[in-house]
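So the structure is just underneath, and the comments pick up after that.
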Amino acid sequence: MSIVKMKRLRLFALASDRDDLFVKLQNFGCVEISDQSDKLTDEQWSAFVRPQNSDFGENKAKGDKIEAAIETLNKFAPVKSGFLSARPSYNRLELYDDGALNKALAVSDEIIERNGQINAAFAKINRATATRATIAPWANVDIPLDTTGTANSIVRFGVSPSTVNLEAMKAELAAAADAAQLFEAGRDAEQIYLILICHKAQEEDAMQAVKSFGFGAAAFKGVNGTAAENLAAIDAEIAQLNAEKDSLIAELAVYNEYRDTLKLCSDRVLSDMRREECKERMVGTDKTFYLEGWTTVNDAAALEDILKDYTCWWEIEDPTEEEAEEVPVKLKSNKLTSPFNMVTEMYSLPFYGGVDPNPLIMPFFTVFFGIMFADMGYGLLLLILGIIMSKKMRPRGMMKYMCGLMKICGISTFVFGALTGSFFGDVITVLSEMFGGYVELPKAIDALGDPMTVLIGSLALGVLHLLVGLGVQGYMLIRDGQVKEALFDVGTTYLMFIGVALGALGVTWIVLIVAVVLFIISQGRSSKSIVGKIGSGLWALYNFITGYFGDILSYCRLMALMLASAVIASVFNTLGAMTGNIVVFIVIFVIGHLLNIALNVIGTFVHTSRLQYLEFFGKFYRDGGKPFQPLTIKTNYVDII
Amino acid sequence: MSFFSDFGGLAIGFLGSGICAGVCCAGSAKGTGIAGEAGTGLLSEDPSQFAKVMILQVLPGTQGLYGFVVWFLAILWMGVLDGSAVGMDVATGLQFACACIPMAIGGGISAPAQGRVAAGSVNLLAKRPNDWFKGVMLCAIVEFYAILSLLASFIMLSRI
């Protein structure tokens, strides 16, 4: 429930042990390896250390190849995966099986070759289709397209823009050359397809006449025979190419039996890449290497057990004060708080010397989410979906946190739904009215009828939230030995709130007056002159009042979102009931509530998070921690057990 | 004059609630339009992102729904659906019309604004697919003001 303590590892070892040791470290999974490239320019080191070589590039090439094969399979021979299916599990022996890797690489080569053939077939089909498009307009012409003329006449195929007036063109031609004739073979939106026949002696005159109408020769490269013959031949060719392509694609399905192997090996290469990449972060000589990194306090003993089998020198120490900025951060969470990593990680991890915010935001996040969503039906749906997803998918990382949040927030949504008497809005009441009765769920808080109570409750919770945040700030100050600051900054603020509370309750205003005076005095302490002290004290008071006023009012969003989801839910219920038909009611009910849930779950999550990030974290949080990223086996497709 | 006092209230109520529904829907159409346009750009490169693009596109669509909700509650409470609205006096009609104003303005203006954030989030999705949810969160910030408008209208309507 706190930030895990880290230890600094420094290690000199033999280059011959390097690969073996790294496999062990990766399986151990608790050492983060730091980048040492700055040693290469360091005067004391640069004389004898060099960067380390690695097989990263080679492994990357393998990985790219397998990925390309998987992508090809997904494209041409997709396999339907079940809804919410879990990843397959393998053990480490299976992961590092070289036989499987070689097989996967060989299969990948074949698949990539097939992919090349398929693409070539597609290219041929495209070419044939393009040729067909140039010939198709001449389909009605029954002379061969390669005809150029007879002994005394010439034949020219050509096109003019469709905007040309064909009659005018023919008249112009007749005037220029009397032994010439123009035939229309066809036309489409852009062009008129024309055949010009004329006597050889008049070729020039005739051509000149038609060219003024945009007549351009149509090129039929390598085409013999009539258009109809050619079209038939091309159609046959396209059909054959399509069949060829289809059979190539069908053959790819054979490789689906290797799909799992490919995925396993893709992950194996990925973990090899991670290991090689870490090797590049070190420096070394011909025979030795130097490694610097981090491990957790709890894993230090196990790490020493691994290292003592090798000829090496190491040192595992607590980080020094100056190193605090670099120490990676890992949050120690239990089952209940770990889902809140999602919220914390989305913001930024805490600074190593800070506090773990997860246990602090857990109660508030849960309650706020429940208040904003507040519906028994919605809560149950969230809870059930969370349970099903975590059972079926065995999710990892963010997804796992999300499932946990869905379960916790589902329960709190249900609880607040029960308090406000809300089950899919007011569906029970609406349905009972539809059948002539009147049933109302009991409610402790009537959100729609008495929003004022909800508003005041929201603001009161807000004050509590802010005071807890401030308390954490005080704790951190006292822990770091700054008792005076804690008393001046946090203590006076608390006193102000107590004063306001006592005054508002009608007991006494004296506490508040004392608190304000103390606040002004304590906040002005850094200024030198009396005027400066009073001025900066008053300025701090002004900032304090406006700041807290804004912060507290911000919690009215608890009420706003609670009412908004309830209003929309009840409108859909009323809409459905108005039809008087139970089938139509169910349709409107399902669609409407799904829409309402989808909209509000996002809104609720965002605004619950925002209250943590801005109002709560603003009081105490120091962010900027780098996440602890040990060398581990990270996978995309499979789980390693 | 007697015609106006007999039927004017209902007409004014219709005017206010109708403008509310119409303006909110127009705003949402504009917002989803902006987001959808950006979405087609990404989809032409990577059709597999369809689900995420669609989520981003529908986000500015909620204002239309809110406008519809306010319109519906207004005509429900005016008594249009059960016929009791006939002969509503002008003062009541004006009250209904005025209560719809926050939603009409808030929804109609926030939807295109949210649409632009959603369009930006589509770009975010294209460049950093893993961070797309942050874009959704940015959209939800704009959404909040539409929710406040909805509430303002709702609370006023429920007190008439």
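Order of the sequence lines sets the chain letters (A, B, ...), proteins ahead of strands, with each chain counted from 1. On a predicted model such as this, the values are computed, not experimentally measured, just so you know.
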Counting distance only, does the side-chain N/O of [X] pair as donor-acceptor with the main-chain N or O of [Y] below 3.5 Å?
| X | Y | result |
| --- | --- | --- |
| A/Arg557 | A/Ser554 | yes |
| A/Ser458 | A/Val454 | yes |
| A/Tyr621 | A/Ser348 | yes |

Return the option, out of A/Cys556, A/Ser609, A/Ala560, with the maximum number of heavy-atom pairs under 4.5 Å with chain B. A/Ala560
For the candidates A/Ile602, A/Leu561, A/Leu595, A/Val567, which exhibits the highest count of non-hydrogen atom pairs separated by less than 4.5 Å from chain B? A/Val567
Hey, what's the ring geometry for A/Phe364 with A/Phe368, parallel, tilted or perpendicular (30° and 60° as the breaks)?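 Aromatic pair A/Phe364/A/Phe368 classed tilted.
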Engaged part of B/Leu138 at the chain A interface, taking heavy atoms whose separation is under 4.5 Å: neither
Contacting moiety of B/Phe72, where chain A heavy atoms sit under 4.5 Å: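 For B/Phe72, the contact with chain A is made by the side chain alone.
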Does any backbone or side-chain atom of A/Met578 lie under 4.5 Å from a heavy atom of chain B? Answer side chain, backbone, both or neither.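 Side chain only.
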CD/B/Glu45: more than 12 non-hydrogen atoms of other groups inside 6.0 Å: no
